[in-house]
There are 2 protein chains.
Amino acid sequence: MDNKEIQEKRMRGYFIEATREMLKGEGLKSINVRAVADRAGYSYATLYNYFKDIKELIFICVQGFQEEAETFINSKTKKSKPGIERISERTKAYIEYFTQYPGIFELFFLEKLNTLSGKQPTANLIFTFYDRITAEDWEYCVRENIFTRDEVASRTKILKYSITGILLMYMNRMHPESYKDFLADVDQLLETGLRTK
Amino acid sequence: MDNKEIQEKRMRGYFIEATREMLKGEGLKSINVRAVADRAGYSYATLYNYFKDIKELIFICVQGFQEEAETFINSKTKKSKPGIERISERTKAYIEYFTQYPGIFELFFLEKLNTLSGKQPTANLIFTFYDRITAEDWEYCVRENIFTRDEVASRTKILKYSITGILLMYMNRMHPESYKDFLADVDQLLETGLRTK
DNA sequence: TAAATATATTAACAATGTTCATTATATTTG
DNA sequence: CAAATATAATGAACATTGTTAATATATTTA
């Protein structure tokens, strides 16, 4: 990588970091070309020397946040017992990450990806995220004859869809009204998805 | 209601109808003050004589769409057998309505309601919609000893959350990739939510 | 019909995304 | 090192959209 590439990468990094901070802090609605460039220490026009448009910049952040979320989930479930118990705890950590950063949830699930460049790969990345987070433990369940492969396929889907749904409703502040009730519903979803026959 | 009120109501109706048409057709992103006013046959500024802002106008449409959706669902399930079967069919009709009008789904579930005036009542209206659509048949199930009240509470939640989740993922064109696969997953959710013990 | 009132419209401003010509800076070359 | 050249950063400018204020038009009333 020659000097030019290094410098360009660095520049892109400044803008990406500024966008990340704003997404984590005030969320998507606070993002605009001038604010991001300001925070990065450059003029709004400079941004266009390094990115096609502001959407590209936002969309680049998705991957980084997934890595961050995964690290968070790993650190929270280091000592968990493999299998059902760890799926439950990793799911809760997954939820905790998003409730901590509503702007990131918004970016992942509410932003209509059609509008983002390079749509398809990102959409897939997001869609398969929960699967990747829990895959290892579902495998464990199959190996230990806790569930059949078919059961795993069906339970994964139910959990993925219902967890996404409850997050959506809670994040839009629709329901449940309190964090406590929200967590109780999450527990119930996990109970049904993991422990019932 | 005196003349003035009649006329005012009529004027509001023109703007609301224009907004409805655009939401059903091209969705939220096509809505802007000038386009709505154009379609209604007035200047953009006239809109402000009848509505606080464009958000109020959009938000007024929610209730109308719910009534339309309910009518659609009723007409699709006139002959269904009460109970589990009708819950299943009404849920599918509910899904069909939203897949037919992605803009309305977007308005109901993706639009951050914080930004809409009169937030809370609308949020509640949306959150309880699926419950209202299926309430009668859940009652039937309790009466006929098909489920206990507790089972109903838990099953309703699972279905509501997972149906919302799968709609979200499908509508954002993330997954499943084909309508057929999507319907298959819906069937599976219904199967699990309604027929398993 | 003329004055008073209500309503609709045009003009104008602010915020935001984007492009481009110009300016400033860094690099190369004689 | 100084001039020439390439590169990068910037401000001016335009388009779109939401919104408000001033103006024009229509309606009502005396």
Side-chain angles (χ1 to χ4, degrees), chain A residues 1-19 22-23 25-61 103 106-107 111-119, chain B residues 1-19 22-23 25-61 103 106-107 111-119:
Chain A
M1 194 154 62
D2 59 26
N3 282 352
K4 189 174 160 180
E5 280 176 89
I6 291 172
Q7 286 162 21
E8 190 169 321
K9 195 168 179 184
R10 218 172 258 152
M11 285 295 290
R12 288 172 62 91
Y14 299 148
F15 286 102
I16 292 169
E17 188 49 31
T19 308
M22 297 182 69
L23 283 171
E26 301 88 45
L28 254 184
K29 66 196 160 309
S30 76
I31 301 275
N32 71 68
V33 182
R34 284 164 176 82
V36 168
D38 251 24
R39 187 179 282 236
Y42 289 92
S43 153
Y44 54 86
T46 307
L47 188 150
Y48 290 91
N49 296 336
Y50 297 93
F51 302 91
K52 182 179 163 289
D53 54 31
I54 186 90
K55 285 182 236 152
E56 188 194 345
L57 194 43
I58 292 168
F59 137 97
I60 283 170
C61 292
E106 199 186 335
L107 172 59
E111 179 67 358
K112 280 152 280 4
L113 295 171
N114 350 344
T115 71
L116 294 187
S117 36
K119 170 197 169 188
Chain B
M1 193 154 63
D2 59 25
N3 282 353
K4 189 175 161 179
E5 279 175 273
I6 290 172
Q7 286 162 20
E8 189 168 321
K9 195 168 179 185
R10 219 172 256 152
M11 286 295 290
R12 287 172 64 90
Y14 299 149
F15 286 101
I16 292 169
E17 187 50 30
T19 309
M22 297 184 70
L23 282 171
E26 302 88 47
L28 253 184
K29 67 197 159 309
S30 75
I31 301 275
N32 70 68
V33 182
R34 284 163 177 83
V36 168
D38 250 24
R39 188 179 280 239
Y42 289 92
S43 152
Y44 52 85
T46 308
L47 188 150
Y48 289 92
N49 296 336
Y50 297 93
F51 303 92
K52 181 178 162 292
D53 54 30
I54 185 89
K55 285 182 237 148
E56 188 194 343
L57 194 41
I58 291 168
F59 136 97
I60 283 170
C61 292
E106 201 185 334
L107 171 59
E111 180 66 359
K112 281 149 281 0
L113 295 171
N114 351 343
T115 72
L116 294 186
S117 36
K119 171 197 169 186

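So you know, we letter chains A, B, ... as the sequences are listed, proteins then strands, and number each from 1.
- One atom, CD of A/Q7, and another, P of C/dT25, lie 16 Å apart when rounded to the nearest Å.
- If you measure from atom CZ of A/R34 to atom P of D/dT10, you get 14 Å, rounded to the nearest angstrom.
- The side chain of B/A45 has D/dT20 as its nearest neighbour among D/dT20, D/dG18, D/dT10.
- Counting heavy atoms from C-beta outward, B/N32 and B/V36 have side chains that stay 4.5 Å or more apart.
- When each of C/dA8, C/dT18, D/dT19 is scored by its nearest atom to the side-chain atoms of B/M11, the top-ranked nucleotide is C/dA8.
- With a 4.5 Å cut-off on side-chain heavy atoms, A/K52 and A/L57 do not count as touching.
- Among the protein residues, A/Y42 comes within range of the sugar-phosphate backbone only, with heavy atoms under 4.0 Å from sugar or phosphate atoms but none that close to a base.
- For the pair A/I58 CD1 and C/dG17 C1', the interatomic distance rounds to 11 Å; values are reported in whole Å.
- Contact check for A/I58 versus A/C61: no side-chain heavy atoms found under the 4.5 Å cut-off.
- Separating the OH atom of B/Y50 from the P atom of D/dT20 is a distance of 17 Å, rounded to the nearest angstrom.
- For the pair A/R34 and A/Y44, the cation-pi test (distance below 6.0 Å, angle within 45°) is passed.
- Both A/V33 and B/T46 sit near DNA chain C, but only B/T46 has its closest nucleotide nearer the 5' end.
- In this entry the distance linking CG of A/D53 with C1' of C/dT18 reads 9 Å, nearest Å.
- Atom C1' of nucleotide D/dA9 and atom CG of A/L47 are separated by 12 Å, given to the nearest angstrom.
- At the phosphate of C/dA8, neither OP1 nor OP2 sits under 4.0 Å from any side-chain N or O atom of B/S43.
- When each of C/dT18, D/dG18, D/dA8 is scored by its nearest atom to the side-chain atoms of A/K4, the top-ranked nucleotide is D/dA8.
- B/N32 comes within 4.0 angstrom of the backbone, heavy atoms only, and of no base.
- Counting any heavy atom pair closer than 4.0 Å across all strands shown, A/F51 reaches no nucleic acid atom.
- Donor-acceptor pairing under 3.5 Å, judged by distance alone, is absent between the side chain of A/Y44 and the base of C/dA15.
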Problem set entry | Worked check of salt bridge (Lys or Arg N to Asp or Glu O under 4.0 Å) between A/E56 and A/R12 | CA-CA 11 Å; A/E56 188 194 345; A/R12 288 172 62 91; 3.8 Å; yes
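- The nearest whole Å value for the distance from the CG atom in A/D38 to the C1' atom in C/dT16 is 13 Å.
- Rounded to a whole Å, the CD atom of A/E8 is 16 Å from the C1' atom of C/dA26.
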